[in-house]
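On a predicted model such as this, the values are computed, not experimentally measured, just so you know. Order of appearance sets the numbers: ligands from 1, and atoms from 1 within every ligand.
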Amino acid sequence: MNATLSRTPVVLAHASGASAAIDPQGAHVLSWSPTAGDERLFLSERSIFADGVAIRGGVPVIFPQFAGEGPLPKHGFARNRHWQLIEQQAHSARWQLQSDAQTLALWPHRFTCELAVTLADRELLIELSVENTDSQSQTFTAALHSYLRVGEIGDVRIEGLQGLRYRDSTQGTREFDEAAASLAIAGEVDRIYFDAPASLRLRDGERRLRIEQSGFVDTVVWNPGAERGAALADLEAEGFRRMLCIEAATVGRPVTLQPGQRWSGSQRLVAER
Ligand SMILES: O=P(O)(O)OC[C@H]1O[C@@H](O)[C@H](O)[C@@H](O)[C@@H]1O
């Protein structure tokens with residue numbers, strides 16, 4: 001990674017009072033407040049801001065491999081690369097990541113990714129697109145790995161997952177059907193919900209967050225729990241209590257693009273209360 005590249009975050013602001021900050025490494029949203037003082041994303045106090053090191057919190061962009069679903073380093077390489085800022089306005093900005101010698105050495109496919117971040121009144125929209133700029137087809141998995149800030153993990157509930165098939169990654173590849181209309185998080189949770197709905201709701205005390213996705217077909221729910229959380233060197237003590245990842249993802253059915261084809265997926269966070 002080029003150490004001379006600036007890591008100064010881009011700060012966006014909207015007339016409604018909303019703000020967001022995005023690090024050029026990974027085009028990584030670090031912070032989103034729909035109103036002043038109401039931070040909705042979790043960012044670990046122990047996160048390491050070194051070039052090429054993944055940030056613990058915010059919204060990591062996962063491409064071209066989700067977790068350990070292939071031969072690449074965990075979660076691929078997009079989150080560890082410097083993205084080029086290609087457009088910036090007061091409340092929106094767009095970054096680009098193109099294949100280069102380093103990405104081709106890891107994954108032999110030419111591509112152009114774009115990430116657009118747009119603030120609106122009580123809303124944050126994150127849109128990822130991938131274009132196959134190669135002469136061969138390419139297949140990938142991807143996610144917007146959002147770390148949502150919560151008051152106390154034991155008190156939150158996720159609505160909208162009932163009836164979905166999921167893979168419980170804490171039990172290898174075993175699959176189950178979600179029975180809960182309102183899912184509580186007790187201990188480590190690491191699940192891929194297949195064919196997820198376009199909208200979920202997170203209840204967190206008085207706060208309500210609507211989580212919408214399009215393009216991405218799955219939703220990942222992850223919290224490391226106490227034991228695994230303590231083993232993450234870049235997560236502060238008891239940090240697992242303050243975070244819940246609800247990720248717009250495409251894992252179960254990877255995307256295949258023919259030369260010249262483009263795929264896009266988005267996640268929209270709406271602070272209802
Ligand atoms: O520690 P990392 O590489 O950022 O990954 C965090 C978690 O990311 C989640 O998306 C995965 O489902 C988990 O299995 C993984 O542990």
Side-chain angles (χ1 to χ4, degrees), residues 1 23 25-30 41-81 106-107 126 128 140-150 153 156 158 161 164-176 178 183 185-194 196 200 202 211 213 216-237 239-255 265 267 269:
M1 207 76 13
D23 192 311
Q25 179 179 291
H28 193 127
V29 181
L30 301 171
L41 298 181
F42 173 85
L43 180 62
S44 171
E45 290 163 10
R46 291 204 194 145
S47 207
I48 298 159
F49 286 86
D51 288 350
V53 178
I55 297 166
R56 177 72 61 199
V59 186
V61 176
I62 306 303
F63 171 85
Q65 177 190 295
F66 181 79
E69 299 284 318
L72 298 184
K74 189 176 173 198
H75 282 324
F77 49 72
R79 64 177 177 169
N80 295 335
R81 308 279 310 169
L106 284 167
W107 193 60
I126 306 175
L128 174 67
F140 59 85
T141 49
L144 296 173
H145 190 308
S146 304
Y147 284 73
L148 306 175
R149 170 168 288 279
V150 300
I153 190 67
V156 307
I158 308 173
L161 296 169
L164 297 184
R165 191 87 185 148
Y166 68 88
R167 182 201 298 172
D168 186 339
S169 306
T170 67
Q171 302 188 51
T173 54
R174 286 187 67 190
E175 294 189 6
F176 302 88
E178 181 57 71
L183 181 72
I185 307 295
E188 183 189 7
V189 172
D190 192 357
R191 300 178 177 179
I192 303 166
Y193 286 90
F194 299 115
L200 299 173
L202 177 67
I211 301 138
Q213 65 180 55
F216 291 100
V217 292
D218 307 318
T219 296
V220 173
V221 176
W222 179 62
N223 181 284
E227 202 177 317
R228 274 190 194 273
L232 296 171
D234 58 355
L235 185 64
E236 68 248 36
F240 75 97
R241 292 182 184 280
R242 308 277 165 254
M243 55 156 278
L244 177 61
C245 290
I246 300 185
E247 311 168 27
T250 281
V251 184
R253 286 181 280 132
V255 178
Q267 187 185 55
L269 304 178

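- When atom types are taken as modelled, the side chain of Glu45 and the backbone of Gly239 share no donor-acceptor pair closer than 3.5 angstrom.
- Looking at Asn223, its side chain does come within 3.5 Å of a backbone N or O of Met243 through a donor-acceptor pair.
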Could you check ligand 1 for N or O atoms lying under 3.5 Å from protein N or O atoms and list the pairs with distances?
unit_1	atom_1	unit_2	atom_2	d
ligand 1	1 (O)	Arg56	NH1	3.1
ligand 1	1 (O)	Arg56	NH2	3.1
ligand 1	3 (O)	Lys74	NZ	3.2
ligand 1	3 (O)	Arg79	NH2	3.0
ligand 1	4 (O)	Arg56	NH1	3.3
ligand 1	4 (O)	Arg79	NH1	2.9
ligand 1	5 (O)	Lys74	NZ	3.2
ligand 1	5 (O)	His75	NE2	3.4
ligand 1	8 (O)	His75	NE2	3.0
ligand 1	8 (O)	His145	NE2	2.8
ligand 1	10 (O)	His145	NE2	3.0
ligand 1	10 (O)	Glu247	OE1	3.0
ligand 1	10 (O)	Glu247	OE2	2.9
ligand 1	12 (O)	Asp190	OD1	2.6
ligand 1	14 (O)	Asp190	OD2	2.5
ligand 1	16 (O)	Lys74	NZ	3.3

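- The salt bridge (Lys or Arg N to Asp or Glu O under 4.0 Å) pairs that include a residue from residues 52-71 are Arg56-Asp234, Glu69-Arg167, where partners are two or more places apart or lie in different chains.
- Judged by distance alone, the side chain of His75 and the main-chain N or O of Ala67 form a donor-acceptor pair under 3.5 Å.
- With hydrogens and angles ignored, the 3.5 Å screen pairs a side-chain donor or acceptor of Ser44 with a backbone N or O of Arg46.
- A donor-acceptor pair under 3.5 Å is absent between the side-chain atoms of His28 and the main chain of Ala54, judged by distance alone.
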